[in-house]
Amino acid sequence: MKKYIEINEEVLVNLVLGKRVEGSLFEDKQSGKLTFKAYNRNPYKRPKDKIICQLENGWLKESAQRIKFFNSVRKDVGAVRVGNAMRRELTSAMGELYYQKLIEQ
């Protein structure tokens, strides 16, 4: 018994090139023909974060929905100096953020 399957031209090109194509095989309700529909396997590509300012020990970035702050200080400098360094860099980053928002308006 022979069955004819309707295949999209893009899928056929990939098959001729020797690529593997994943999809589903079903009977089309309107035409009654067997149809192959390939899955869309393209990965989601999110836009890169915009760097607002580069800090001495980290950075401040802006994505579509968030403001991101990263800071990393060595532990061997002591707890007081770590706190001072982080506070100083956060203050600097916030000043730059306020400046950026002021320019945009």
Side-chain angles (χ1 to χ4, degrees):
M1 173 167 60
K2 288 186 179 180
K3 289 283 186 179
Y4 292 99
I5 301 172
E6 195 172 307
I7 297 177
N8 193 349
E9 191 173 332
E10 297 172 13
V11 174
L12 190 60
V13 169
N14 286 336
L15 288 173
V16 169
L17 293 175
K19 294 183 180 177
R20 179 179 172 179
V21 179
E22 292 183 9
S24 62
L25 187 63
F26 61 96
E27 185 176 350
D28 190 14
K29 299 221 187 248
Q30 294 175 351
S31 65
K33 296 180 182 178
L34 278 177
T35 307
F36 178 79
K37 183 175 181 183
Y39 294 142
N40 184 9
R41 296 290 190 198
N42 296 328
Y44 172 72
K45 295 181 183 173
R46 67 179 176 89
K48 293 205 173 214
D49 296 340
K50 175 185 166 191
I51 295 180
I52 295 175
C53 70
Q54 191 70 41
L55 301 169
E56 186 178 336
N57 296 315
W59 43 254
L60 182 69
K61 292 182 181 180
E62 180 179 16
S63 69
Q65 298 177 348
R66 298 185 179 271
I67 301 290
K68 302 174 184 178
F69 174 73
F70 173 77
N71 196 1
S72 176
V73 183
R74 291 182 16 216
K75 286 177 14 178
D76 61 0
V77 297
V80 175
R81 285 189 176 178
V82 167
N84 289 339
M86 288 188 169
R87 192 173 299 110
R88 180 182 67 240
E89 294 208 356
L90 181 59
T91 305
S92 171
M94 290 306 297
E96 187 67 29
L97 177 64
Y98 294 146
Y99 181 71
Q100 286 282 348
K101 295 301 176 185
L102 189 63
I103 289 175
E104 287 178 5
Q105 291 180 354

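Residues take their numbers from the sequence shown, with the count starting at 1.
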J.: Considering only NZ, NE, NH1 and NH2 on the basic side and carboxylate oxygens on the acidic side, decide whether E27 and K3 come within less than 4.0 Å.
T.: no
J.: Identify all side-chain donor-acceptor contacts of residues 72-81 below 3.5 Å with residues at least two apart in sequence or on another chain.
T.:
{"residue": "R74", "atom": "NE", "partner": "D76", "partner atom": "OD1", "Å": "3.2"}
{"residue": "R74", "atom": "NH2", "partner": "D76", "partner atom": "OD1", "Å": "3.1"}
{"residue": "R74", "atom": "NH2", "partner": "D76", "partner atom": "OD2", "Å": "2.9"}

J.: Counting only heavy atoms not in Y99, do more than 12 sit closer than 6.0 Å to its OH atom?
T.: no
J.: Give, for atom CD of E96 and atom CD1 of I52, the distance between the pair rounded to the nearest 0.5 Å.
T.: 8.0 Å
J.: Quick check: is Y98 connected to L90 through a chain of hydrophobic side chains (ILVMFWY, heavy atoms under 4.5 Å apart)?
T.: yes
J.: Determine, using the 4.5 Å side-chain heavy-atom cutoff (strictly less than), whether L25 and L15 are members of one ILVMFWY cluster.
T.: yes
J.: Would you name the heavy atoms of C53 and A93 that are closest together and state the gap between them?
T.: SG-CA, 4.0 Å
J.: How long is the gap from CG on N71 to CZ on R87, to the nearest 0.5 Å?
T.: 12.0 Å
J.: Look up atom CG in L60 and atom CD in Q100, then write down how far apart they are to the nearest 0.5 Å.
T.: 9.0 Å
J.: Atom CG in L102, atom CG in L97: separation rounded to 0.5 Å?
T.: 11.0 Å
J.: Hey, is CD on E104 packed in by over 12 heavy atoms from elsewhere, all under 6.0 Å?
T.: yes
J.: To the nearest 0.5 Å, how far apart are CD1 in I103 and NZ in K101?
T.: 11.5 Å
J.: Is it the case that atom CD in E22 sees more than 12 heavy atoms from other parts of the structure closer than 6.0 Å?
T.: yes
J.: Between E6 (side chain only) and K33 (backbone N and O only), is there a donor and an acceptor less than 3.5 Å apart?
T.: no
J.: Hydrophobic clustering (ILVMFWY, side-chain heavy atoms < 4.5 Å, transitive) - are L34 and I7 grouped together?
T.: yes
J.: Indicate, with yes or no, if F69 and M94 share a hydrophobic cluster defined by side-chain heavy-atom contacts under 4.5 Å among Ile, Leu, Val, Met, Phe, Trp and Tyr.
T.: yes
J.: Please check: side-chain N/O of E62 versus main-chain N/O of R66, any donor-acceptor pairing under 3.5 Å?
T.: no
J.: Quick one: do L55 and M86 end up in the same hydrophobic cluster if we chain Ile, Leu, Val, Met, Phe, Trp and Tyr together by side-chain heavy atoms under 4.5 Å apart?
T.: no
J.: For a quick test of reading the model, state the closest non-hydrogen atom pair linking F26 to K37 and the distance between them.
T.: CE2-CB, 3.7 Å
J.: Determine yes or no for a side-chain-to-main-chain donor-acceptor pair under 3.5 angstrom, with S92 supplying the side chain and R88 the backbone.
T.: no
J.: If you take all heavy atoms of Y39 and S24, which pair is closest and at what distance?
T.: OH-CB, 3.8 Å
J.: Mind listing the closest non-hydrogen atom pair of F36 and V11 along with its distance?
T.: CE2-CG1, 3.7 Å
